[in-house]
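Input: a single structure, listed below in structure tokens.
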Amino acid sequence: MPVDKGGNVNRSRYDLVRCCDRHARRSPTTLHYFSSSISYNEITTHASGPHSRYCGLRKFRPQDEMGSGIEPKLVKANSQERVLAVLDLFTEARPQWSPEELMKELGYTRPTLYRYLKSLKDSGFVMPTRGGRYALGPRVVEMDYLSRRSDPLIATAMPHLERLSAAHPCTALAVRWYGDKTLCVASIASSVSPVSSYPRGRPMPMGRGAIARSIMAFLPKQRVMPLVARYAADLRSVGVGDTPEDILATLKRVRRAGVAIAFGEVTPGAVGIAAPILDAGYPIASLCITIAGQHANGKLIDRISSEVREAAWQISAAADMNSM
């Protein structure tokens, strides 16, 4: 059973792994819907879609089950990923799904999907709602509470957020980066009418805003180029650059300055000032201040930029000592 650093049982993690493991113990034939229920063309269509990491990148043939050298761990991993694919579909734009919609989106057979839904429901990760639909369940709320209590970034950044928000009428945010998303994990607002539209848990765009550029500027070229290609239209629309070369030149200037500044790119009327939080020189998060445009002038922006850069550096120094 998984335990945390203090030796306490991580119950939420255990329940999620147990939910996935139930399906891994079944026959490989029942685990791989693409062995009999859909065609190879459908497989490759799913594999190139937004949920490609949950779909087999090659066709699984029944003869693969015996004498092929495929290890049980591969079957188990595929089953775990396909259970997690169900959770990955719930978004702000689409918080509820019917079983029929899930089957159409993921390509799972009805028995397979209902088996997954039962395990997720029994573990509290999804719950039924009106009309036979499903939404995220109470265990997700519990995990959010545990995350707030255990995330070292929140603990380290919170004193800086409090100090910065006390010094300026603003919203101060700590934002984690993972995959192709940035996600607010902590924020404090001191202005009467906060201008930030991204509370804790709401993903932020990677193609716009100071937070995204503060992270992209410190990525190695082989990691940043796919992001530049993916978000070229957004980056071009906010004046970062018309070509990949122009965009890289802008990011290079951000890296030299140690801070990124954006005017109304994410929230109209807001000025964002962000600096990266680094772990061994690699960006893992960003510290950001957003202020109303009417309060912004060159002198104030320069002062806040210096304070945000210094605070991010101090958090980064703590990250080097305590992994975040």
Side-chain angles (χ1 to χ4, degrees), residues 50 53 151 153 156-157 160-161 164 171-187 196-198 200-268 270-291 301-302 304-317 319-320 323-324:
R53 65 186 183 277
D151 188 345
L153 174 60
T156 306
H160 298 279
L161 299 182
L164 289 168
T171 300
L173 309 96
V175 182
R176 272 199 181 276
W177 172 57
Y178 73 103
D180 61 350
K181 296 179 181 179
T182 56
L183 192 76
C184 176
V185 296
S187 66
S196 174
S197 58
Y198 286 86
R200 172 180 166 85
R202 188 181 184 192
M204 299 180 180
M206 277 299 290
R208 294 172 176 267
I211 292 170
R213 286 204 289 283
S214 72
I215 292 171
M216 292 174 66
F218 283 79
L219 289 173
K221 188 173 182 179
Q222 66 270 22
R223 185 65 182 85
V224 75
M225 287 308 297
L227 294 174
V228 169
R230 186 179 309 167
Y231 298 105
D234 280 340
L235 293 167
R236 185 166 51 249
S237 69
V238 296
V240 177
D242 293 328
T243 66
E245 292 74 21
D246 293 339
I247 295 171
L248 290 177
T250 299
L251 295 177
K252 189 175 181 179
R253 289 193 292 271
V254 171
R255 186 182 181 104
R256 283 200 301 265
V259 65
I261 303 171
F263 297 87
E265 294 181 17
V266 176
T267 303
V271 179
I273 304 167
I277 296 170
L278 308 174
D279 185 2
Y282 194 86
I284 58 171
S286 179
L287 183 70
C288 180
I289 287 274
T290 60
I291 59 175
I301 290 175
D302 287 344
I304 293 177
S305 296
S306 177
E307 293 173 0
V308 169
R309 184 171 51 237
E310 175 64 21
W313 181 87
Q314 292 181 20
I315 298 171
S316 299
D320 285 337
S323 178
M324 293 187 185

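- You'll find the side chain of K221 reaches within 4.5 Å of the side chain of L248, heavy atoms only.
- Closest of all the heavy-atom pairs between A285 and I215 is O-CG1, 4.0 Å.
- Tested against V240, the residues L235, V228, D234 include a single side-chain contact (heavy atoms from CB on, under 4.5 Å) partner, L235.
- Side-chain atoms of T290 do not come within 3.5 Å of backbone N or O of V271 as any donor-acceptor pair.
- The closest donor-acceptor contact from the side chain of R309 to the backbone of A257 lies under 3.5 Å.
- Side chain to side chain, T250 and R213 fail the donor-acceptor criterion of an N or O pair below 3.5 Å.
- Taking OG of S286 as the reference point, atom CG of L173 lies at 9.0 Å (rounded to 0.5 Å).
- Residues L287 and L161 meet the side-chain proximity criterion, which asks for heavy atoms closer than 4.5 Å.
- Evaluated for a side-chain contact (heavy atoms from CB on, under 4.5 Å) with I315, the options T156, D279, L278 yield exactly one hit, T156.
- Annotation: side chain of L183 is not in contact with side chain of W177 (no heavy-atom distance under 4.5 Å).
- Listed for the T182 side chain is no donor-acceptor partner under 3.5 Å among the backbone atoms of V175.
- A donor-acceptor pair is defined here as one N or O able to donate and one able to accept, closer than 3.5 Å; no such pair exists between the side chain of R200 and the backbone of C184.
- Using a 4.5 Å heavy-atom threshold, the side chains of D151 and R176 count as touching.
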